[in-house]
Amino acid sequence: MADGAMTTTFLAVIGGASLLAVTARRLRPVDRLPSLEGWALADRSLGPGWTWLLLGGTIFTAYTFTAVPGLAYGNGAPAFFAVPYTVIVCPLAFVLLTRLWSVARRHGYVTAADFVRGRYGSPPLALVVALTGILATMPYLALQLLGIRAVLTAGGLYPRGAAGDLVMVALFAGLAVATYRHGLRAPTVISALKAVAVFVSLTAVCWLVLERLGGPGAVFEKAARRLAGTGTADSALLLSPEQQPAYATLALGSALALLMYPHVLTAGFAADSARTVRRAAVALPAWTALLALFGFLGIAALATGVRAPEGGAEAAVPMLVDRLMPGPLAGLVFGAITVGALVPAAVMSIAAATSFVRNVYVEYVHPTATPKRQVRIARAVSLTAKVGAVAFVFGLRDQDAVNLQLLGGVWILQIFPAVAVGLFTGWLHRRALLAGWAVGMASGTYLVVRGGFSSIVPLGVGAGPLEIYAGLAALLLNLTVAVAGTAALTRLGVPRGADTTDLPSRLTVRRRPETGANTP
């Protein structure tokens with residue numbers, strides 16, 4: 001059971017997040033009429049500071065902060081693929097997200113599917129992009145709840161039975177209300193608290209670990225001995241040559257996939273200028289350093305002899321915190337990780353709802369829906385997504401959510417040709433892109449399921465097949481089909497769709513004055 005000081009600090013952090021969410025209405029310009037752009041993108045008014053906070057708070061989720069150290073605790077070196085993966089994301093965001101923001105601002109696009117619709121003149125292609133984004137986002141949303149539950153359980157803050165379920169519902173109820181009323185502004189202001197709480201608490205934990213264990217060298221030595229189980233240092237904390245292809249392709253594929261997720265694009269689209277997006281992307285490595293330190297704590301949990309439950313390695317760091325830190329500081333850490341889940345969960349639900357309204361509801365159900373009605377439907381869908389995530393977590397095994405998230409990463413990567421490649425060339429044919437998407441989805445799903453829901457799959461024959469990331473293998477098939485199909489359709493004279501994006505070779509959009517722009 002948690003002590004009183006831990007519980008008090010934890011509740012103070014959660015209460016602070018709730019109070020901040022209430023102040024989100026102050027970020028809203030009073031002279032703006034209700035619109036989906038206003039609710040889902042905060043009227044594209046976020047300055048560099050808010051954009052950095054929101055992007056970092058959205059990309060680096062609570063489950064990431066528990067899963068990466070959990071993987072390091074159980075597997076050693078392969079867990080650190082997340083560090084180069086998030087490093088690669090920064091230049092990609094600098095180039096791709098900036099260019100996509102400029103096109104979206106020019107044409108009023110709110111989702112990636114909007115861009116695909118305008119670029120290729122293909123409603124079916126835009127529909128599959130939107131549905132793929134929604135499908136990949138929902139298990140990601142459920143994982144935020146799993147991260148919260150793992151943290152609270154390890155800290156003794158999650159009661160057994162129905163009482164624990166009520167704690168989870170209560171945490172998400174406040175988030176749901178704030179998001180329903182204020183849209184993206186609610187997670188934006190909460191992201192400020194997330195950054196402060198996580199950076200401060202992680203610094204305290206790492207300092208305490210290094211002081212107790214005698215420095216980083218001693219930590220890695222003790223962890224290596226425990227992994228080896230022989231009393232001598234072993235190579236478990238180093239990549240073997242056989243692991244390197246999997247490590248490299250997983251890092252690259254994950255980076256390419258991340259920027260295709262609707263919640264990441266939603267956070268980027270909310271910026272007030274392309275320059276703001278670039279400045280936020282340049283500063284994102286600070287969050288990567290944070291992730292590396294969380295991975296180090298997984299190694300520290302090994303070194304201190306933490307015994308995580310079987311199949312629950314993500315609890316290693318919360319258990320380490322509970323063991324080493326006094327109650328108030330432990331409560332701060334648990335509160336920080338919990339708030340860390342609320343920010344991406346809110347943005348994910350907003351992004352999924354926006355994609356549904358813009359690319360399904362308005363496109364196929366109610367083309368004449370007013371902006372006010374679009375906001376009302378988006379709010380309802382966002383609330384439904386949160387309720388569905390809670391029900392999913394309570395009704396299915398944790399491993400089911402993890403398996404679906406692994407598939408989600410493979411699936412979302414298959415829209416990369418239509419979205420990212422389409423930012424630079426319109427040569428690919430819309431029908432070839434659809435065929436490539438279908439091949440990529442089918443092959444990626446087959447590879448992951450065949451491998452027992454492992455994202456790393458062996459390819460080739462012989463004594464030593466190459467192990468690579470399934471999503472990247474599927475993407476290569478996707479691109480091959482798209483390129484070959486485009487060449488064939490062009491040769492046959494099949495007409496292309498109308499491109500209304502008017503993408504020049506060098507795209508820049510001047511920043512216009514914004515009365516609602518906000519910077520911290």
Under a 3.5 Å distance rule, please check whether [X] uses its side chain to pair with a backbone N or O of [Y] as donor and acceptor.
X	Y	value
Ser102	Thr98	yes
Thr86	Val83	yes
Trp101	Ala271	yes
Ser35	Pro371	no
Gln374	Ala369	yes
His429	Pro495	yes
Arg119	Gly422	yes

Residues 360-371 vs salt bridge (Lys or Arg N to Asp or Glu O under 4.0 Å), sequence neighbours excluded, gives Arg117-Glu363
Who passes side-chain hydrogen bond (donor to acceptor under 3.5 Å, both in side chains) against [X], sequence neighbours left out?
X	answer
Trp39	none
Thr368	His366
Thr61	Thr64

So, using ring-ring contact (aromatic ring centres under 6.0 Å, His included) as the criterion, who are the partners of [X] when residues are at least two apart?
X	result
His263	Tyr140, Tyr261
Phe356	none
Phe199	Trp287

Taken to the nearest 0.5 Å, the spacing of Ile88 CD1 from Leu252 CG works out to 5.5 Å
Residue pairs, two or more places apart or on separate chains, that pass side chain to side chain donor-acceptor pair (under 3.5 Å) and touch [range]:
range	result
residues 475-490	Gln414-Asn478, Thr490-Arg496
residues 350-361	Thr111-Asn359, Asp114-Arg358, Asp114-Asn359, Tyr361-Arg373
residues 123-132	Thr132-Trp437

Minimum heavy-atom separation for [X] to [Y], with atom names?
X	Y	value
Val189	Trp50	CA-CZ3, 3.9 Å
Ile377	Val357	CG2-CG2, 3.8 Å
Leu259	Ala93	CD1-N, 3.5 Å
Gly133	Ile412	CA-CD1, 3.6 Å

Listed pairs under 3.5 Å, donor-acceptor, residues 449-457 side chains, sequence neighbours left out:
{"unit_1": "Ser454", "atom_1": "OG", "unit_2": "Ile456", "atom_2": "N", "d": "3.3"}
{"unit_1": "Ser454", "atom_1": "OG", "unit_2": "Ile456", "atom_2": "O", "d": "3.1"}

Side chains of [X] and [Y], heavy atoms from C-beta outward: is any pair under 4.5 Å?
X	Y	answer
Val95	Phe424	yes
Thr288	Val89	no
Phe115	Thr501	yes
Trp52	Val282	no
Trp411	Thr445	yes
Leu472	Leu475	yes
Phe294	Val198	yes
Ile59	Leu55	yes

Next on the checklist: I'd like to know if Asp499 and Arg430 make a salt bridge, using a cut-off of under 4.0 Å between side-chain N and carboxylate O.
Outcome noted: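 Not counted as a salt bridge, because no side-chain N and carboxylate O are separated by less than 4.0 Å.
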Give the table of side-chain donor-acceptor pairs shorter than 3.5 Å for residues 337-350, with sequence neighbours excluded, one pair per line with atom names and distance.
{"unit_1": "Thr338", "atom_1": "OG1", "unit_2": "Phe334", "atom_2": "O", "d": "2.8"}
{"unit_1": "Ser349", "atom_1": "OG", "unit_2": "Ala345", "atom_2": "O", "d": "3.4"}
{"unit_1": "Ser349", "atom_1": "OG", "unit_2": "Ala346", "atom_2": "O", "d": "2.8"}
{"unit_1": "Ser349", "atom_1": "OG", "unit_2": "Ser382", "atom_2": "OG", "d": "3.2"}
{"unit_1": "Ser349", "atom_1": "OG", "unit_2": "Lys386", "atom_2": "NZ", "d": "2.8"}

